[in-house]
Chemist: 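Dropping a structure here in structure tokens format, bear with me for questions.
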Amino acid sequence: MSAAKNINITLNIWRQKNAKEKGKMETYKLNDVSTASSFLEMLDQLNEQLVNERKEPIAFDHDCREGICGMCSLYINGRAHGPDTGITTCQLHMRMFNDGDTIVIEPWRSAAFPVIKDLIVDRTAFERIQQAGGFVSVNTSGNTIDANTILVPKDDADKAFEAAACIGCGACVATCKNGSAMLFVGAKVSQYALLPQGKVEATNRVLNMVRQMDEEGFGNCTNTGACEVECPKGISLENIARMNREYFSASLK
């Protein structure tokens with residue numbers, strides 16, 4: 001890794017006061033940005049500059065800044081989470097850019113993810129899909145069986161764990177030309193469909209989650225594979241196929 005240096009950049013950023021007003025791109029110059037800083041730290045630096053200039057800072061989503069929470073949903077230079085693979089925006093560093101670069105920053109673009117302000121979108125549609133069936137009911141009467149006593153084939157356990165790695169950031173929706181949420185829903189269905197604890201409610205789960213996904217206005221999947229490419233956790237398209245099989249089976253019951 002090369003030594004850190006400072007670069008000067010131009011930022012074209014989407015500004016929008018609220019969901020009802022029209023937004024527009026605005027341009028900012030930012031100097032002396034360390035290539036060792038993360039992309040969100042660069043935005044912090046820009047906001048500090050704007051505050052000192054008595055201008056309104058840019059609203060953007062963030063939380064853990066460790067690639068776990070999925071909050072940092074930014075479309076950077078035409079790519080979800082920016083010009084790297086297998087990372088979230090908070091894991092993107094300024095060493096990926098060069099001195100004099102112009103960087104275009106936008107919120108997720110999806111009818112199901114309306115803009116709240118600037119770079120923040122409303123992703124509660126994902127939460128409603130989860131609430132529709134993305135859970136396992138557990139008997140807590142005192143006779144609960146320890147999960148470790150239920151034998152699970154290693155291959156199934158590994159696939160369930162990989163599906164459960166989905167952090168619900170929405171990059172799959174943002175990068176899909178149809179605004180599809182099939183990768184997200186497929187992952188959430190798969191993590192339970194592969195385990196014995198999830199089979200009891202399997203029929204209602206997949207029917208309810210797919211119904212809610214459709215009601216939220218997400219598009220359909222046409223298997224372009226863009227979602228898998230841009231997913232920061234590498235969620236496989238196999239989960240979409242598994243969800244389709246689960247849905248077909250549940251529809252026949």
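Numbering starts at 1 and runs along the sequence shown. Just so you know, these numbers come straight off a predicted model, no measurement behind them. Computation of the quantities below employed the complete heavy-atom set of this structure, encompassing side-chain atoms and omitting hydrogens, waters and symmetry-equivalent molecules.
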Chemist: Heavy atoms only: give me the nearest Ala193-Lys199 pair and the separation to one decimal.
Modeler: O-NZ, 2.7 Å
Chemist: For Glu48, does the CD atom sit with more than 12 other heavy atoms under 6.0 Å from it, leaving out its own atoms?
Modeler: no
Chemist: Ring pair (Phe, Tyr, Trp, His ring centres under 6.0 Å), that's the test. Do Phe60 and Phe39 meet it? Break it down for me.
Modeler: CA-CA 12 Å; Phe60 63 95; Phe39 199 85; 9.1 Å; no
Chemist: Answer yes or no: are there more than 12 heavy-atom neighbours, outside Phe97 itself, under 6.0 Å from its atom CZ?
Modeler: yes
Chemist: Should Leu92 and Ile76 count as side-chain neighbours, where that means a heavy-atom distance under 4.5 Å?
Modeler: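 Counting from C-beta outward, Leu92 and Ile76 do come under 4.5 Å.
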Chemist: Just so I know, are the side chains of Met213 and Val185 near enough to count as touching, which here means a heavy-atom distance under 4.5 Å?
Modeler: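 Contact flag for Met213/Val185 side chains = yes.
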Chemist: Let me see the working for Asp44 and Arg65 under salt bridge (Lys or Arg N to Asp or Glu O under 4.0 Å), right down to the final yes or no.
Modeler: CA-CA 13 Å; Asp44 290 336; Arg65 299 202 179 198; 2.8 Å; yes
Chemist: Among side-chain atoms of Asp122 and Thr124, is any donor-acceptor pair under 3.5 angstrom?
Modeler: yes
Chemist: Determine, stepwise, if the pair Lys29 / Thr10 fulfils side chain to side chain donor-acceptor pair (under 3.5 Å).
Modeler: CA-CA 5 Å; Lys29 298 285 186 180; Thr10 300; 3.0 Å; yes
Chemist: So, do Ser34 and Asn6 sit near enough that their side-chain heavy atoms are less than 4.5 Å apart?
Modeler: yes
Chemist: Would a 4.5 Å heavy-atom cut-off, applied to side chains only, mark Pro196 and Val152 as touching?
Modeler: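 Yes - at least one pair of side-chain heavy atoms lies under 4.5 Å apart.
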Chemist: CE of Met42 to CG of Leu11: how many Å apart, nearest 0.5 Å?
Modeler: 5.0 Å
Chemist: Quick check: closest heavy atoms across Asp118 and Pro57, and the distance to 0.1 Å?
Modeler: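 Closest heavy-atom pair between Asp118 and Pro57: OD2-O, 3.9 Å.
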Chemist: Could you pull out the closest heavy-atom pair between Leu194 and Ala160, with the gap in Å?
Modeler: CD1-N, 3.5 Å
Chemist: Please determine whether side chain to side chain donor-acceptor pair (under 3.5 Å) holds for the pair Glu216 and Gln212, giving the CA-CA distance in whole Å, both sets of side-chain angles, and the decisive distance to 0.1 Å.
Modeler: CA-CA 6 Å; Glu216 296 294 344; Gln212 189 64 41; 2.7 Å; yes
Chemist: Determine whether Glu56 and Arg15 make a side-chain contact, defined as any pair of heavy atoms from C-beta on separated by less than 4.5 Å.
Modeler: yes
Chemist: Any chance you could measure Phe184, atom CZ, to Cys172, atom SG, to the nearest 0.5 Å?
Modeler: 8.0 Å
Chemist: Working note: Arg242 + Glu246, criterion salt bridge (Lys or Arg N to Asp or Glu O under 4.0 Å); need CA distance, chi angles, decisive distance, verdict.
Modeler: CA-CA 6 Å; Arg242 186 176 295 106; Glu246 289 283 321; over 6 Å; no
Chemist: Minimum heavy-atom separation for Phe113 and Trp108, please, with both atom names.
Modeler: CD1-CD1, 3.7 Å
Chemist: Could you measure the distance from the NZ atom of Lys233 to the CD1 atom of Ile235? Nearest 0.5 Å is fine.
Modeler: 9.0 Å
Chemist: Look at atom CD of Gln16 and say whether more than 12 heavy atoms of other residues, nucleotides or ligands are closer to it than 6.0 Å.
Modeler: yes
Chemist: Is Met243 close to Val210 at the side-chain level, that is, under 4.5 Å between some pair of heavy atoms?
Modeler: yes
Chemist: Quick one: closest heavy-atom pair of Cys166 and Lys188, and the distance?
Modeler: O-NZ, 3.2 Å
Chemist: Within this structure, what is the CD1-CG distance for the pair Ile105 and Asn12, rounded to the nearest 0.5 Å?
Modeler: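 It is 8.5 Å, given to the nearest 0.5 Å.
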Chemist: Could you tell me whether the side chain of Pro107 reaches within less than 4.5 Å of the side chain of Asp61, counting heavy atoms only?
Modeler: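 Heavy-atom side-chain distance check fails, nothing below 4.5 Å.
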Chemist: Sequence neighbours excluded, which residues qualify as side-chain contact (heavy atoms from CB on, under 4.5 Å) partners of Cys169?
Modeler: His81, Arg123, Ile167, Ala171, Pro232
Chemist: If you count heavy atoms of other groups shown closer than 6.0 angstrom to CZ of Phe161, is the number above 12?
Modeler: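 Atom CZ in Phe161 is not crowded, with 12 or fewer foreign heavy atoms closer than 6.0 Å.
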Chemist: Is any side-chain heavy atom of Leu183 closer than 4.5 Å to a side-chain heavy atom of Ile240?
Modeler: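 In short, these two side chains touch, coming nearer than 4.5 Å.
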Chemist: Applying ring pair (Phe, Tyr, Trp, His ring centres under 6.0 Å), can you list everything that pairs with His93, at least two apart in sequence or on another chain?
Modeler: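 Result, ring pair (Phe, Tyr, Trp, His ring centres under 6.0 Å) vs His93: none returned.
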Chemist: For residues Ser137 and Glu201, report the shortest heavy-atom separation together with the two atoms involved.
Modeler: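 Result for this residue pair: OG-OE2, 2.7 Å.
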